[in-house]
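Within every chain, numbering begins at 1; the chains are lettered A, B, ... in the order of the sequence lines, protein sequences first and strands thereafter. Because the structure is a prediction, the values reported are computed rather than measured.
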Amino acid sequence: EAGVAQSPRYKIIEKRQSVAFWCNPISGHATLYWYQQILGQGPKLLIQFQNNGVVDDSQLPKDRFSAERLKGVDSTLKIQPAKLEDSAVYLCASTRTGGNTGELFFGEGSRLTVL
Amino acid sequence: AQSVTQLDSQVPVFEEAPVELRCNYSSSVSVYLFWYVQYPNQGLQLLLKYLSGSTLVKGINGFEAEFNKSQTSFHLRKPSVHISDTAEYFCAVTPYSSASKIIFGSGTRLSIRP
């Protein structure tokens, strides 16, 4: 079974530029998450999708971050314009159920450096 | 609201020595508990989870954790570590009532000395 795929693995941009990250979850997983992991901190949930609907985006900075999952499969996270404090690893995860007893399967992450 | 505290940001141990990584949580409701491991340049993967039942939970790679409700702790242990256990370990909680909002601690970096 293929794992969660993310791209690009690394991205360096200047502040005020835009960037987009892509995630393809494990086949059949209805729930998809985007987490932000700043160096030295644990992952912080940005947004959770159930199929193509948003379940929780309470911690997404909506003035600059946006995410979509149009067909209920892969997802894109965009940052525009980027700030220095957005430097982090962006992790995508998926799970078969929306339930909190399920195991999250993570991708390898997309490391963003904002200069 | 829930929170997770991992008291040790780094834990150095010698190979074949025992190790305990500490995790305390705060919650006004019942929670499920998890430990995830992140090897260098990889995503997180589940080590073990506590949902209900026996408070001693066994996971992969010889790790185990004990849920202590009175102390609100979920410490991770291994009796004898190997070089391959070098990684960052994250404790996580989610409330029963949530639609799976999992909250992670800040992580503990385990470094194994030969």
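- Of residues 104-114 of chain B, those residues with a non-hydrogen atom less than 4.5 Å from any non-hydrogen atom of chain A are, in numerical order, F104(B), G105(B), S106(B).
- Looking at Q38(B), only its side chain comes within 4.5 Å of chain A, counting heavy atoms on both sides.
- Under a hydrophobic-cluster definition in which Ile, Leu, Val, Met, Phe, Trp and Tyr are linked whenever side-chain heavy atoms come within less than 4.5 Å, directly or via other members, L39(A) and Y39(B) are assigned to different clusters.
- More than 12 heavy-atom neighbours from other residues, nucleotides or ligands sit within 6.0 angstrom of CD on Q42(B).
- Contact annotation for Q37(A): only side-chain heavy atoms (C-beta onward) come within less than 4.5 Å of a heavy atom of chain B.
- No continuous path of ILVMFWY side-chain contacts below 4.5 Å connects Y32(B) to V37(B), so the two sit in separate hydrophobic clusters.
- One distance of note links OG1 of T95(A) with CD1 of I102(B); it measures 7.5 Å at 0.5 Å rounding.
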Which pairs would a plain distance check flag for residues 105-115 of chain A, meaning a side-chain donor or acceptor within less than 3.5 Å of a matching protein atom at least two apart in sequence or in another chain?
residue: E108(A); atom: OE1; partner: R9(A); partner atom: NH1; Å: 2.9
residue: S110(A); atom: OG; partner: P8(A); partner atom: O; Å: 2.6

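- L46(A) and F49(A) fall within a single hydrophobic cluster, where Ile, Leu, Val, Met, Phe, Trp and Tyr side chains are chained together by heavy-atom contacts under 4.5 Å.
- Hydrophobic cluster membership differs between I60(B) and L46(B), with clusters built from Ile, Leu, Val, Met, Phe, Trp and Tyr side chains linked at under 4.5 angstrom.
- At least one donor-acceptor pair closer than 3.5 Å links the side chain of Y36(B) to the backbone N or O of L104(A).
- Using a 4.5 Å cut-off between side-chain heavy atoms of Ile, Leu, Val, Met, Phe, Trp and Tyr, with links allowed through other members, L21(B) and Y25(B) fall into the same hydrophobic cluster.
- With a 6.0 Å radius and a threshold of 12 heavy atoms from other residues, nucleotides or ligands, K62(A) has its NZ atom above the threshold.
- Put simply, CG on N41(B) and OH on Y10(A) are 4.5 Å apart, with the number rounded to the nearest 0.5 Å.
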